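Below is one structure, written out as structure tokens, with a few remarks after it.
Numbering of ligands and ligand atoms starts at 1, following listing order. Since the model is a prediction, treat every value here as computed from it, not as a measurement.
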Amino acid sequence: MPTPAMREAISNAKLGDDVFGEDPTTKRLEKMAAERMGKEAAMLVVSGTMGNLVCILTHCKRAEEVILGDRSHTFLYEAGGMSALGGIHPHTIVNQPDGKMRLEEIEGAIRSDNVHFPRTRLICLENTHNRCSGAALPVEYMKAVAELATNHDLMVHLDGARIFNAAVALKVDVKELACYADSVTFCLSKGLSAPVGSVICGSKEFIAEARRNRKVLGGGMRQCGIIAAAGITALEEMVDRIAEDHSNAQRLANGIACILGLSVEPERVQTNIVYFDIVSRQIKAEEIVSQLGNKGIKILRLGPSRFRAVTHYGINAEDIDFTLTALGEIMEL
Ligand SMILES: Cc1ncc(COP(=O)(O)O)c(C=O)c1O
């Protein structure tokens with residue numbers, strides 16, 4: 001949910017028509033975002049999904065191939081956009097539990113020059129890695145993938161929907177991660193709490209071309225300073241507090257580990273995402289979600305026995321304890 005400062009920024013935002021490049025607030029956000037990521041330019045988009053798609057469409061032509069993780073958000077949850085709209089071929093590599101793809105497997109997936117094959121063009125990384133316990137991919141790994149890409153004349157796109165969570169967890173500047181990617185998408189609307197919006201960053205030429213692709217997708221927005229205003233507040237005020245979400249997630253995981261009938265790996269929790277499972281057959285996952293829902297606690301069910309809980313602005317340590325008590329009571333029934 002947006003903070004009171006965001007709501008105020010939205011109501012005071014100076015506006016213009018961004019399709020004509022006249023929205024001062026959007027321009028300001030884009031400049032700030034580019035500086036934060038250490039890139040030349042940036043562009044506001046509606047969502048993380050649109051950001052990734054616009055970047056992939058900008059890097060690749062039809063029948064070119066993208067190497068990405070089999071548990072990546074882009075492969076699993078973005079409605080097959082790259083193939084549906086771009087004629088671009090996804091080539092998946094296994095994501096290890098820590099979110100990495102093995103370098104030798106990435107290298108093995110790169111196509112040789114042969115008329116039978118699609119042409120490999122792009123490697124996509126995700127940091128933090130949503131489906132892999134919110135893992136933060138370390139700087140050395142990002143660097144190694146970038147080197148591999150350069151050696152094979154490939155581009156790297158970073159789905160950094162939660163890149164600030166990664167930077168905070170790794171105690172590095174976000175630029176130290178972003179510098180290994182040719183393009184980056186990050187979300188204002190996740191851990192940074194803005195109501196809507198993501199930003200893509202890259203070189204000036206890349207963003208100019210991406211602007212055309214955003215337009216193709218119907219993503220040109222008129223007075224989007226309304227959205228950008230909250231994004232500016234997000235970048236100014238919401239990055240440093242992310243550490244609190246990480247410690248709340250750790251508290252939640254440690255507590256869940258003590259509840260009979262539930263299983264969790266607290267040592268895998270590095271950021272704001274906690275996956276856990278039911279191991280007892282006495283209770284159905286739907287039942288747990290609905291009973292927690294009755295107490296105002298929202299968690300996501302993923303499959304018959306798995307859940308995802310996310311900590312964020314507006315949730316404090318007491319809320320975590322309240323959740324743990326509620327979960328303990330449900331599992332005792
Ligand atoms: C890693 C990752 N990338 C991209 C997205 C897409 O973001 P959006 O929901 O804004 O389209 C998500 C959404 O959860 C995500 O977790």
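- The existence of a salt bridge linking Asp321 and Arg251 is confirmed by a sub-4.0 Å separation between a basic side-chain nitrogen and an acidic carboxylate oxygen.
- Both Leu252 and Phe322 are assigned to one and the same hydrophobic cluster, defined by single-linkage of ILVMFWY side chains at heavy-atom distances under 4.5 Å.
- Taking the charged nitrogens against the carboxylate oxygens, Glu65 and Arg111 do have a contact shorter than 4.0 Å, which makes a salt bridge.
- In this structure, Phe75 has no ring pair (Phe, Tyr, Trp, His ring centres under 6.0 Å) partners at least two apart in sequence or on a different chain.
- Within 4.0 Å of ligand 1, contacts by protein heavy atoms are made from Ser47, Gly48, Thr49, Asn52, His73, Glu78, Glu126, Asn130, Asp159, Ala161, Arg162, Lys190.
- Look at Glu236 and Arg28 and you find a salt bridge, because one of the NZ, NE, NH1 or NH2 atoms lies within 4.0 Å of a carboxylate O, short of that distance.
- A side chain to side chain contact (heavy atoms under 4.5 Å, CB included) with Val196 is found for exactly one of Ile227, Ile226, Leu188, namely Ile227.
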